[in-house]
2 protein chains.
Amino acid sequence: MKYIEKLRNSGLRPTKQRLQICEVLFDTEKTFHFTINDLANKIKKQLNNKISLATVYNTVHAFEKKGYLKQIPINSNQTYFDTNVSDHHHFYDLKDEKLIDLETSEVGPIKILKQIDGKKIKSVEVLVKLED
Amino acid sequence: MKYIEKLRNSGLRPTKQRLQICEVLFDTEKTFHFTINDLANKIKKQLNNKISLATVYNTVHAFEKKGYLKQIPINSNQTYFDTNVSDHHHFYDLKDEKLIDLETSEVGPIKILKQIDGKKIKSVEVLVKLED
DNA sequence: TTCTAGTTTATAACGATTCTAAAAAAGTGT
DNA sequence: ACACTTTTTTAGAATCGTTATAAACTAGAA
């Protein structure tokens, strides 16, 4: 299994559940956006196998901490995650409540002209809200 | 009262509670960020007067719909609002969990080079995460 | 004053997320 | 393979922000 190493290297035991979640998250052509609920359903369908919700939460947070997932800053009752962990931005379609990737190359360079004492910039994320 | 007109003009009845919330939100030198809970506490302290939580929620949402408040897109267990409704951006201090305004003039012009069919851009918001 | 629609209220309901404590599995050494 | 320790999984309970409910109240109009 190709994920065993990956997990071990980041100090996570390669358990059956984590490996299965890796499959669902990373064995795809394209990256995608999801909520915990989306993911739990996907697991059930795709693997015909239920993983406890608590485990899904734990795993997603563990993966996020290790940098294998990113949280998408957006106001919703549910938290959105992204399997695309490269620096990039998002459109948010307000009507359909859908997220669409917006690559950094598709946004001109962003200059932050204000500094905050004792702090450094960790990330710059753009959210473009769309309407009809 | 200066807010009676404002509320009437937007089709909201100028009730005692709404006027009081207006005072707390808009009778300030500077704009500020808040959660519903922050606001409820501020009302209790500042006006020595309790307004039902449900009313605070209703009012904040009504004001947001009318454009007197803005939601700030950020991942937190609570929803953040801003009394600064001009186009602007935010720093988010990850450690202190604090928001800081970042004016559009302090960010170079942002060019969105990707278009989504049948949709137009409603807003462009930048979130700059800060670490030590 | 009376009527009606809009508003407030306390409380219940809801739903996403986190906590808990026990069972299971993984890793380590023998 | 076995015993032992630590991590992980699990179901269910608990938490907490937010929304719904239904009754009491209020603003505005006739």
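Values reported hereafter were calculated over all heavy atoms of this structure, with side chains retained and with hydrogens, waters and symmetry mates removed.
When the P atom of C/dT17 is taken as reference, atom CG of A/Leu53 falls 9 Å away, rounded to whole Å. Here the C1' atom of nucleotide D/dC16 and the CD1 atom of B/Ile36 are 14 Å apart, to the nearest Å. As a whole-Å value, the separation of B/Leu7 CG from C/dT8 P is 10 Å. The separation between B/Ile51 atom CD1 and D/dT26 atom P is 14 Å, rounded to whole Å. Taking atom NZ of A/Lys16 as the reference point, atom P of D/dT9 lies 11 Å away to the nearest angstrom. Distance, A/Asn9 CG to C/dG27 C1': 16 Å, rounded to whole Å. Between the CG atom of B/Asn41 and the C1' atom of D/dG17 there is a distance of 14 Å, rounded to whole Å. Regarding A/Gln20, its CD atom lies at a distance of 11 Å from the P atom of D/dT9, rounded to whole Å.
Cation-pi contact between B/Lys70 and B/Tyr80: absent, since separation from the ring centre below 6.0 Å together with deviation from the ring axis within 45° is not met. A cation-pi arrangement, defined by a distance under 6.0 Å to the six-membered ring centre and an angle within 45 degrees of its axis, is absent between B/Lys122 and A/Tyr92.
Of the side-chain N and O atoms in B/Thr79, none sit less than 4.0 angstrom from OP1 or OP2 of D/dG17. In this model, the phosphate group of D/dA11 is approached by a side-chain N or O of A/Ser52 to a distance below 4.0 Å at OP1 or OP2. Side-chain nitrogen and oxygen atoms of A/Lys50 include at least one within less than 4.0 Å of the OP1 or OP2 phosphate oxygen of D/dA11. Considering only side-chain N and O atoms, B/Arg18 lies nowhere under 4.0 angstrom from the phosphate OP1 or OP2 of C/dG6. Contact annotation: B/Tyr57 does not reach the phosphate of D/dT19 (side-chain N/O to OP1 or OP2, under 4.0 Å).
Distances from the side chain of B/Thr15 to the nucleotides D/dA11, C/dT7, D/dT9 place C/dT7 closest. Listed nucleotides: D/dT10, C/dT17, C/dT9. Nearest to the side chain of B/Gln17: C/dT9. For A/His61, counting side-chain heavy atoms from C-beta on, the closest listed nucleotide (C/dA16, C/dT18, D/dT18) is C/dT18. Here the nucleotide nearest the side chain of B/Pro14, chosen from D/dT9, D/dG28, C/dT8, is D/dG28. Nearest nucleotide to the A/Ala54 side chain, out of C/dT11, D/dT10, D/dT8: D/dT10. Distances were taken from every side-chain heavy atom of A/Thr55 (C-beta onward) to each of C/dG27, C/dT8, D/dT10; the shortest belongs to D/dT10.
Between B/Arg8 and B/Pro14, some side-chain heavy-atom pair lies under the 4.5 Å cut-off.
In terms of position along DNA chain D, the nucleotide closest to B/Tyr80 lies nearer the 5' end than the nucleotide closest to the other residue of the pair B/Arg13 and B/Tyr80.
Side-chain atoms of A/Thr35 and A/Asn37 include no donor-acceptor pair closer than 3.5 Å.
Every residue meeting the ring-ring contact (aromatic ring centres under 6.0 Å, His included) condition with B/His90, not counting sequence neighbours, appears here in chain and number order: B/His33, B/His88.
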